[in-house]
Amino acid sequence: MFPQTHHVECVVTLVSKPATAEVVLASASPRRRELLTALGIDFRVAPSDIAEDPEPGETPKQMVRRLSREKALAVSGYYVAADSTVVLDGESIAKPADAEEARAMLTRLRGTTHQVVTGFTVYDAATGRCVTDSNAADVQMRDFSDAEMEESIASGVPMDKAGAYAIQDADFRPASLLSGCYSNVMGLPACRVVKTLAEMGCSLPDRASMSVPAGCTVSCTLGSVSP
């Protein structure tokens with residue numbers, strides 16, 4: 001019913017420097033800018049246009065992992081890529097193409113418990129080492145009214161969001177986190193990514209945080225989806 005050719009995407013390139021690493025956020029998403037800023041990492045923005053077509057027979061977890069890996073292997077340096085999707089009853093729900101699809105998605109998700117799954121890859125071109133993983137969070141969508149839904153659609157907020165909503169939307173307040181990582185639902189499991197970068201030897205600023213982001217109900221390492 002819903003197209004699966006558009007997903008929440010995030011691509012970050014890190015190019016080695018003598019003491020730290022330059023971070024390039026290859027996404028125009030303000031949510032990812034907020035997450036990287038909160039980690040204390042300096043970065044610049046250069047949006048990516050990598051295709052995100054799903055392959056026949058892929059599960060949502062397989063899809064987000066593959067897409068993140070393809071993005072990460074596309075360039076040199078330290079490269080971090082992520083792809084997220086909303087999953088309800090085993091089906092991936094992507095971004096709405098128009099207001100009608102946003103309305104259908106929100107109506108279907110209303111009152112449900114579902115997941116947001118994010119696949120991420122960290123690739124070190126210098127060594128060829130590549131780590132791909134995924135993270136899942138359980139989300140409860142509240143039983144909002146039709147009027148509230150229409151107001152959200154009219155605002156335009158749903159149009160670039162998987163599942164047609166943003167958990168951090170302070171006006172609509174569509175959903176709450178049940179378990180897992182809050183930043184994962186926003187599109188990037190921030191502490192998992194920083195931890196992986198550190199384990200691979202990427203030199204990050206001393207102020208880069210590796211704590212669990214505000215809003216997490218459990219450690220992000222515990223919220224990981226098994227391989």
Side-chain angles (χ1 to χ4, degrees), residues 1-10 27-38 47 52 54 58-61 63-64 67 82-119 134-191 212-220 222-223 225:
M1 178 177 180
F2 301 117
Q4 298 184 27
T5 57
H6 303 284
H7 308 280
V8 182
E9 73 286 345
C10 175
S27 169
S29 168
R31 297 174 297 283
R32 288 168 193 92
R33 291 201 299 268
E34 292 171 6
L35 289 169
L36 287 183
T37 298
E52 298 178 342
E58 277 188 320
T59 66
K61 183 175 73 173
M63 179 185 66
V64 295
L67 288 173
D83 190 86
S84 300
T85 190
V86 170
V87 183
L88 178 66
D89 297 330
E91 180 182 346
S92 176
I93 301 179
K95 298 178 185 178
D98 51 35
E100 181 178 356
E101 281 196 351
R103 189 173 296 110
M105 289 179 181
L106 288 170
T107 298
R108 182 179 177 190
L109 290 170
R110 178 165 49 187
T112 68
T113 298
H114 55 272
Q115 282 194 320
V116 176
V117 181
T118 299
S134 53
N135 209 59
D138 294 317
V139 177
Q140 176 66 54
M141 181 77 81
R142 71 181 181 90
D143 190 18
F144 46 79
S145 68
D146 287 348
E148 288 176 305
M149 177 174 65
E150 293 302 326
E151 184 176 353
S152 177
I153 293 171
S155 73
V157 170
M159 303 316 297
D160 66 339
K161 312 292 191 305
Y165 76 92
I167 193 171
Q168 72 275 16
D169 186 343
D171 294 324
F172 186 28
R173 296 174 291 104
S176 58
L177 183 71
L178 294 178
S179 66
C181 175
Y182 189 87
S183 68
N184 180 75
V185 182
M186 292 177 67
L188 180 69
C191 56
V212 177
C216 285
T217 58
V218 297
S219 169
C220 295
L222 299 178
V225 178

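Positions are given from 1 along the sequence.
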Requested in this report: Check the pair Phe172, Phe144 against ring pair (Phe, Tyr, Trp, His ring centres under 6.0 Å), reporting the backbone distance first and the verdict last.
Outcome: CA-CA 9 Å; Phe172 186 28; Phe144 46 79; 5.0 Å; yes

Query raised in the report: Does the pair Ser84 and Val64 meet the rule for a side chain to side chain contact (heavy atoms under 4.5 Å, CB included), with working shown?
Result: CA-CA 6 Å; Ser84 300; Val64 295; 5.6 Å; no

Taking all atoms of both residues into account, what is the closest heavy-atom pair of [X] and [Y], and its distance?
X: Pro96; Y: Ala164; value: CG-CB, 4.0 Å
X: Ala166; Y: Lys161; value: CB-CE, 3.7 Å
X: Met159; Y: Ala97; value: CE-C, 4.0 Å
X: Val86; Y: Ala162; value: CG2-O, 3.4 Å
X: Ser176; Y: Ile167; value: C-CD1, 4.1 Å

With rounding to the nearest 0.5 angstrom, report the [atom1] to [atom2] distance, [X] to [Y].
X: Ile93; Y: Leu106; atom1: CD1; atom2: CG; result: 9.5 Å
X: Asp146; Y: Glu151; atom1: CG; atom2: CD; result: 13.0 Å
X: Met141; Y: Leu109; atom1: CE; atom2: CG; result: 4.5 Å
X: Arg110; Y: Ser145; atom1: CZ; atom2: OG; result: 8.0 Å
X: Glu100; Y: Ile153; atom1: CD; atom2: CD1; result: 10.5 Å

Query raised in the report: Side-chain contact, heavy-atom cut-off 4.5 Å: Ser152 with Pro174?
Result: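 Counting from C-beta outward, Ser152 and Pro174 never come under 4.5 Å.
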
Query raised in the report: Side chains of Gln168 and Tyr182: does their closest heavy-atom pair fall under 4.5 Å?
Result: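 Gln168 reaches Tyr182 side chain to side chain.
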
Query raised in the report: Do Arg103 and Asp98 sit within salt-bridge range, that is, some charged N less than 4.0 Å from a carboxylate O?
Result: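 No, this pair does not count.
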
Output yes when a side-chain donor or acceptor of [X] lies under 3.5 Å from a complementary backbone atom of [Y], and no otherwise.
X: Asp89; Y: Glu91; answer: no
X: Thr85; Y: Pro60; answer: no
X: Arg142; Y: Arg173; answer: yes
X: Thr107; Y: Ala104; answer: no
X: Ser183; Y: Met186; answer: no

So, using side-chain hydrogen bond (donor to acceptor under 3.5 Å, both in side chains) as the criterion, who are the partners of [X] when residues are at least two apart?
X: Asp138; value: Gln115, Ser179
X: Ser155; value: none
X: Gln140; value: Thr113

Report task. Could you please spell out the steps behind the side chain to side chain contact (heavy atoms under 4.5 Å, CB included) verdict for Leu177 and Val185? Result -> CA-CA 8 Å; Leu177 183 71; Val185 182; 3.9 Å; yes

Report task. Determine, stepwise, if the pair Asn184 / Thr118 fulfils side-chain hydrogen bond (donor to acceptor under 3.5 Å, both in side chains). Result -> CA-CA 6 Å; Asn184 180 75; Thr118 299; 3.1 Å; yes

